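Take a look at the structure below.
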Amino acid sequence: EKDGYDWFMRKEIHEQPRAIADSMLGRRDASGALQLDEIRISEGELRDVDKIIVVACGTAFYAGLVAKYAIEHWTRIPCEVELAHEFRYRDPILTRDTLVVAISQSGETADTLMAIRHAREQRAKVLAICNTNGSTIPRESDAVIYTHAGPEIGVASTKGFMTQLVACYLLALYLAQVRGTRYGDEISSVVRELEKMPEHVQRVLDESGPVHELAAELRDAKSVLFLGRHTGYPIALEGALKLKELAYIHAEGFAAGELKHGPIALVEDQMPVFCVIPPQGRDFLHDKMVSGIQEVRARGARTIVLAEEDDDSVAPYADVLIRLPKVPTLLQPMVAVVPFQLFACELATQKGHDVDQPRNLAKSVTVE
Ligand code: F6R
């Protein structure tokens, strides 16, 4: 059942192109308009939504952080993202016009379930993004977008996360369509970009050789940092989480702009620092990130840089350069996360850890 792979996790990482394609399937009607499954919230109600709150835990929470960028950009609806276990304890402001989006691969995460129960008691509408048909969270929601990753066996979420990203983009675009905040042409062109993602992700997988060498090299690292900006920031967090849970190495993700406000004090000679470089664009995002790498490198860090394939500006500051296909900034998480998944899987394998069953963890956390 592992199809010749040593771990379910490695198999699931390689299934991602297929998982993305399946999660995109049948989302457009004959006219090209987006349609999503089991949206039992009327279009009128969706037009009245004045705030979105995404609730989730762990890796699903990071998908939520990416969702915020997409939702606010395409719909202009204010969007907050909150750890599900923190949500109800702060008495969040919820009304009939609040849309709470719960993201959960398993659909059984108790923290997320309790958050949506609280939201519904307060009359908010709840939409679930979930990979498990008929699980508790979608059953208790007003609407569901199912991801089609297929069963995820490895405890660490990979294809689950990837398809959560797809669902978040589709939700954002669907809301933009219903509310008329974006033209149909623009929506179709993003959907076409999304339809190309399986190919891009496949290329990242095919060209992942350097990640394996890197794992051998960094086996004895005591601490690893991950930096990103914009949608690269949640991916930095995800890269760090994967390394903690699989390789048991201390790792932290930061928004690169935050470095100078404290974390840069951690940087020591030869400390590995992974940097996600945004696509080269007209704004200053890319250049700001490049100066972030320079700062850590000047303090002795060993920089492992993920950048667009034709981005020549980073080469002088990269000890190791990992090339990513050219994709729009909002979609970059889908390609940037893959080397991090492979790296954590490989490093844990080399350290002799059980990759599919990391210590102290369970696939589905059904207690609060
Ligand atoms: C990390 C991981 C966890 C889950 C989290 C939420 O690799 O798998 O952080 O993402 O426990 O689980 P779901 O999505 O099932 O609610």
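Everything quoted here is computed from the prediction, not taken from an experiment. Every number for a ligand or one of its atoms is a count from 1 in the order of the listing.
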- Task: Carefully, step by step, assess Phe254 and Tyr233 under the rule ring pair (Phe, Tyr, Trp, His ring centres under 6.0 Å).
- Result: CA-CA 7 Å; Phe254 295 109; Tyr233 168 45; 8.8 Å; no

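Relative orientation of the His14 and Tyr5 rings is parallel, given thresholds of 30° and 60° on the angle between their planes. Between Phe274 and Phe226, the ring-plane angle classifies as parallel under the 30° and 60° cut-offs.
Pocket lining of ligand 1, defined as residues with a non-hydrogen atom under 4.0 Å away: Cys57, Gly58, Thr59, Ala60, Ser104, Gln105, Ser106, Thr109, Val155, Ala156, Ser157, Gln164, Lys242, Glu245.
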Contacts under 3.5 angstrom, residues 162-174 side chains, donor-acceptor by atom type, not counting sequence neighbours:
{"residue": "Thr163", "atom": "OG1", "partner": "Lys159", "partner atom": "O", "Å": "2.9"}
{"residue": "Thr163", "atom": "OG1", "partner": "Gly160", "partner atom": "O", "Å": "3.0"}
{"residue": "Tyr169", "atom": "OH", "partner": "Leu330", "partner atom": "O", "Å": "2.5"}

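In plain terms, the two heavy atoms of Ala143 and Arg40 that are nearest each other are CB-N, 3.8 Å.
Residues Ser157 and Lys363 bring no donor and acceptor atom of their side chains to less than 3.5 Å of each other.
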